[in-house]
Amino acid sequence: MKIEDVIEECKLFYFAGQETTANWLTWTIIVLSMHPDWQEKARHEVLRICGKKTPDLKDISHLRIISMVLQEVFRLYPPVIGLFRYTVQTTDVGGIFIPVGVEVVLPTLLLHDDPEYWGEDVEEFKPERFSEGISCKLT
Ligand code: HEM
């Protein structure tokens with residue numbers, strides 16, 4: 001890589017990594033302030049697992065409530081609200097035929113807000129949706 005490439009990669013990390021993570025954490029703080037019951041559960045878990053020391057990777061992997069809260073915030077307020085792809089050849093996506101030269105949009109925000117996948121309480125903050133992890137939710 002040339003130094004110019006490294007500089008461009010650093011810019012991408014800054015944009016892709018900083019804005020997304022900052023939005024995610026900001027929403028998490030807002031949502032927890034609106035739901036003191038989950039705030040209390042989250043605080044209790046952090047104190048139980050990490051105590052007063054600086055958390056390490058092992059501690060973080062045991063933060064189950066925190067993970068559920070973060071997943072639910074991701075669902076309700078995804079930092080990236082859509083994905084865009086451009087077909088460079090004819091493409092078959094699950095039986096849907098897409099010709100070459102089409103821009104395909106995957107509307108993350110709409111999928112996260114669809115009662116068909118999440119139930120009628122789709123607009124509610126309910127971290128318990130993720131008590132079994134994430135893979136089961138879209139089956
Ligand atoms: C809450 C945090 C984050 C979210 C929600 C997020 C989301 C995403 C999404 C959805 C994409 C795919 C975009 C696409 O293909 O159209 C992506 C790509 C990328 N993200 Fe993140 N991201 C996060 C954090 C980070 C961090 C911390 C970094 C780096 C320090 C980072 C670096 C990148 C890079 C470099 C790509 C482009 C990968 C490629 O296509 O070559 N992201 N991110």
Side-chain angles (χ1 to χ4, degrees):
M1 283 175 105
K2 291 184 289 184
I3 187 65
E4 288 77 18
D5 297 326
V6 175
I7 291 169
E8 291 307 313
E9 287 296 317
C10 290
K11 285 187 203 165
L12 179 60
F13 282 164
Y14 181 74
F15 179 71
Q18 208 268 345
E19 285 290 309
T20 46
T21 312
N23 282 337
W24 185 27
L25 296 180
T26 302
W27 277 115
T28 303
I29 297 299
I30 291 171
V31 167
L32 284 180
S33 73
M34 293 162 66
H35 297 273
D37 51 336
W38 281 100
Q39 186 185 140
E40 190 50 41
K41 284 183 207 178
R43 181 180 294 109
H44 184 260
E45 181 180 69
V46 170
L47 289 174
R48 183 169 55 81
I49 290 176
C50 310
K52 301 218 165 154
K53 69 181 177 63
T54 306
D56 56 27
L57 274 180
K58 195 161 147 277
D59 295 332
I60 289 171
S61 69
H62 288 111
L63 294 174
R64 188 170 160 271
I65 300 282
I66 296 285
S67 297
M68 286 160 53
V69 166
L70 289 172
Q71 295 292 355
E72 181 67 339
V73 174
F74 252 153
R75 185 187 70 82
L76 285 167
Y77 307 103
V80 179
I81 60 168
L83 293 176
F84 301 82
R85 290 294 181 271
Y86 186 81
T87 52
V88 291
Q89 59 186 41
T90 47
T91 308
D92 180 352
V93 181
I96 301 173
F97 172 77
I98 306 172
V100 66
V102 171
E103 188 171 65
V104 180
V105 181
L106 180 70
T108 313
L109 189 57
L110 294 186
L111 293 174
H112 288 193
D113 199 29
D114 190 335
E116 184 186 337
Y117 301 123
W118 304 98
E120 289 307 315
D121 57 0
V122 64
E123 290 181 7
E124 289 173 39
F125 174 73
K126 292 178 94 176
E128 60 267 38
R129 295 176 207 280
F130 294 101
S131 58
E132 306 285 322
I134 53 172
S135 56
C136 61
K137 299 313 298 178
L138 293 178
T139 55

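As the structure lists them, so they are numbered: ligands from 1, and atoms in each ligand from 1. None of the values given here were measured: they were computed from a predicted structure.
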For [atom], is the nearest protein heavy atom under 4.0 Å away?
atom	answer
atom 16 (O) of ligand 1	yes
atom 42 (N) of ligand 1	yes
atom 36 (C) of ligand 1	no
atom 39 (C) of ligand 1	no
atom 33 (C) of ligand 1	yes
atom 4 (C) of ligand 1	yes

Mode of Phe74 contact toward ligand 1 - side chain, backbone, both, neither (heavy atoms, under 4.0 Å):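 For Phe74, the contact with ligand 1 is made by the side chain alone.
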
Using modelled atom types only, decide if a donor and an acceptor are shared between the side chain of [X] and the backbone of [Y] within a distance under 3.5 Å.
X	Y	value
Gln71	Phe130	no
Trp27	Phe74	no
Thr87	Gly101	yes

Nearest-neighbour protein heavy atom for atom 10 (C) of ligand 1, which is reported as residue plus atom name and distance: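 Atom 10 (C) of ligand 1 sits closest to the protein heavy atom Leu83 CD2, 3.8 Å.
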
Atom indices of ligand 1, in the order listed, that fall short of 4.0 Å to a heavy atom of Leu12: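 Selected atoms, number and element: 35 (C).
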
Atoms in ligand 1 with a heavy atom of Arg85 nearer than 4.0 Å: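 The list of qualifying atoms is 14 (C), 15 (O), 16 (O).
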
Exceeds 12 heavy-atom contacts within 6.0 angstrom, atom CD of Gln18: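 Yes - once you tally the heavy atoms of other residues, nucleotides and ligands closer than 6.0 Å, there are more than 12.
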
Parallel, tilted or perpendicular: rings of His35 and Phe125 (30°, 60°):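 The arrangement is tilted - the two ring planes meet at 30° to 60°.
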
Contacts of type side chain to side chain contact (heavy atoms under 4.5 Å, CB included), residue Ser131, not counting sequence neighbours: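 Arg64, Met68.
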
Results of salt bridge (Lys or Arg N to Asp or Glu O under 4.0 Å) for Glu72 - residues two or more places apart only: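 Counting only residues at least two positions away or on another chain, Glu72 forms a salt bridge (Lys or Arg N to Asp or Glu O under 4.0 Å) with Arg75, Arg129.
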
Closest candidate by heavy atom, reference atom 1 (C) of ligand 1, pool Phe15, Phe13, Trp24: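 Looking at heavy atoms only, the winner is Trp24.
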
